Amino acid sequence: MVSLADYSPEVRDEVKLVREQVATLHAQLTRWNLVVWTAGNVSQRLRSADLMVIKPSGVRYEHLTPGSMVVTDLDGNVVDGAEAPSSDTLSHAYIYRHMPEVYGVVHTHSTYATAWAATGRDIPCVLTMMGDEFGGPVPVGPFELIGSEAIGKGVVDTLKDHPGCPAVLMRNHGPFTVGADAEAAVKAAAMTEEVAHTVWAAEQIGTPKPIDPADIAKLNDRYQHVYGQH
Ligand SMILES: O=C(CO)[C@@H](O)[C@@H](O)COP(=O)(O)O
């Protein structure tokens, strides 16, 4: 069995840093009310080796530490860690293998996004915030059972039809989000829940108005390339 001792000091240094980052980011899941009990996970892929760091399965967020984070290869084989990795490890690994631009993956069961997932409806792009973050609707992916890479394949296949979108609502299950790092994927999870809630509220009031696709593209381009500090 391969262990961290088989990797260079540079890789081991990055593992230490990413363990700290991923452990800290799990607190953002509870901060933004995206999870109940242990129903969510965060991972980040390393830049220096084909490894990833993911949460141990079923461990409460207040008990998570950098040292409890599990290191696996991109086939889900444990390389370092005392506890079993997340239920979704094979799916996170599949996403990393098939989306080379992705270095962060998050899964939650946040209430409003999961309610949309239960209906099988895409969240329509009726908010400027959706143009900004998603560049269109938040799509629904196929129903898949948990524990294999099937969910990961469903996420990848769905996002092929939604280039640039960082979120998929896996039907009857909940949101999976991706990003250039774990923090970006956590942000996408928080924004997914926010727009799921707002669009649901809009549908209680009346019929949300669609945004012209050309304007959605302009919103997304500005937000992705101009917004914030550069
Ligand atoms: O969605 C599910 C189970 O339905 C899991 O991803 C969720 O409970 C989190 O599991 P882990 O604690 O990451 O193994």
Side-chain angles (χ1 to χ4, degrees), residues 18-45 51-96 99 102-120 138-159 166-179 182-183 185-186 188-190 192-193 196:
V18 172
R19 271 177 149 151
E20 291 165 359
Q21 292 170 336
V22 172
T24 300
L25 283 167
H26 277 89
Q28 292 295 309
L29 302 185
T30 53
R31 159 72 180 82
W32 297 104
N33 296 319
L34 303 178
V35 292
V36 62
W37 201 245
T38 64
N41 43 64
V42 178
S43 75
Q44 183 161 302
R45 176 180 180 173
L51 298 173
M52 68 184 219
V53 174
I54 194 165
K55 162 192 161 209
S57 183
V59 177
R60 285 167 48 194
Y61 297 106
E62 55 266 43
H63 298 157
L64 292 178
T65 65
S68 66
M69 297 294 113
V70 183
V71 183
T72 78
D73 65 21
L74 298 190
D75 291 309
N77 302 304
V78 174
V79 171
D80 191 65
E83 300 177 288
S86 168
S87 315
D88 298 306
T89 297
L90 295 181
S91 284
H92 286 233
Y94 183 96
I95 293 168
Y96 290 132
M99 298 184 76
V102 169
Y103 280 79
V105 178
V106 169
H107 168 48
T108 79
H109 290 246
S110 61
T111 300
Y112 287 89
T114 302
W116 282 90
T119 71
V138 177
V140 171
F143 174 82
E144 297 292 355
L145 293 174
I146 295 149
S148 73
E149 61 185 27
I151 289 174
K153 185 177 187 304
V155 170
V156 170
D157 291 349
T158 303
L159 290 180
V168 177
L169 308 176
M170 291 302 285
R171 187 168 58 80
N172 302 105
H173 187 172
F176 281 76
T177 59
V178 299
E183 180 168 341
V186 170
T192 298
E193 178 62 4

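Whatever order the structure lists ligands and atoms in, that order sets their numbers, starting from 1. This structure is a prediction, so every number in the text was calculated from the model and none was measured.
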- prompt: Which ligand 1 atoms, with their elements, are less than 4.0 angstrom from a heavy-atom of Ser87?
  reply: 10 (O), 11 (P), 13 (O), 14 (O)
field: Identity and separation of the nearest protein heavy atom to atom 13 (O) of ligand 1
entry: Ser86 OG, 2.7 Å
Protein heavy atom at shortest distance from atom 5 (C) of ligand 1: Asp88 OD2, 3.6 Å
field: pair Gln21-Glu183: side-chain heavy atoms closer than 4.5 Å
entry: no
query: What do we get for Val59 next to ligand 1 when only non-hydrogen atoms under 4.0 Å count, side chain, backbone, both or neither?
result: neither
- line: Near Gly40 (heavy-atom distance under 4.0 Å), the atoms of ligand 1 are 9 (C)
- request: For Ile146 and Ile151, run side-chain contact (heavy atoms from CB on, under 4.5 Å): C-alpha distance rounded to whole Å, both residues' side-chain angles, the deciding distance at 0.1 Å, then the answer.
  value: CA-CA 7 Å; Ile146 295 149; Ile151 289 174; 3.9 Å; yes
- line: In ligand 1, the atoms that come under 4.0 Å of a heavy atom of Ile146 are 3 (C), 4 (O)
task: Specify the protein heavy atom at minimum distance from atom 7 (C) of ligand 1: its residue, its atom name, and the distance to 0.1 Å.
output: Ala39 CA, 3.9 Å
task: Show your working on side-chain hydrogen bond (donor to acceptor under 3.5 Å, both in side chains) between His92 and His107 and close with a plain yes or no.
output: CA-CA 9 Å; His92 286 233; His107 168 48; over 6 Å; no
statement: If we number the atoms of ligand 1 from 1 as shown, the ones under 4.0 Å from a heavy atom of Asn41 are 6 (O), 9 (C), 13 (O)
field: Side-chain (Ser43) to main-chain (Val106) donor-acceptor, under 3.5 angstrom
entry: no
query: For ligand 1, which atoms sit closer than 4.0 Å to a heavy atom of His173?
result: 1 (O), 2 (C), 4 (O)
message: Using a 4.0 Å cutoff against the non-hydrogen atoms of Thr38, which atoms of ligand 1 qualify?
response: 9 (C), 12 (O)
- prompt: Between Val155 and Ser91, is any pair of side-chain heavy atoms under 4.5 Å apart?
  reply: no
query: Below 4.5 Å, heavy atoms only, C-beta onward: do Phe176 and Asp88 meet side chain to side chain?
result: yes
- line: dist Lys55:NZ -> Met69:CE (nearest 0.5 Å) comes out at 8.5 Å
message: Measuring only between side-chain heavy atoms, which start at C-beta, is His173 closer than 4.5 Å to Phe143?
response: no
statement: Nearest non-hydrogen protein atom to atom 2 (C) of ligand 1, with distance, is His109 NE2, 3.5 Å
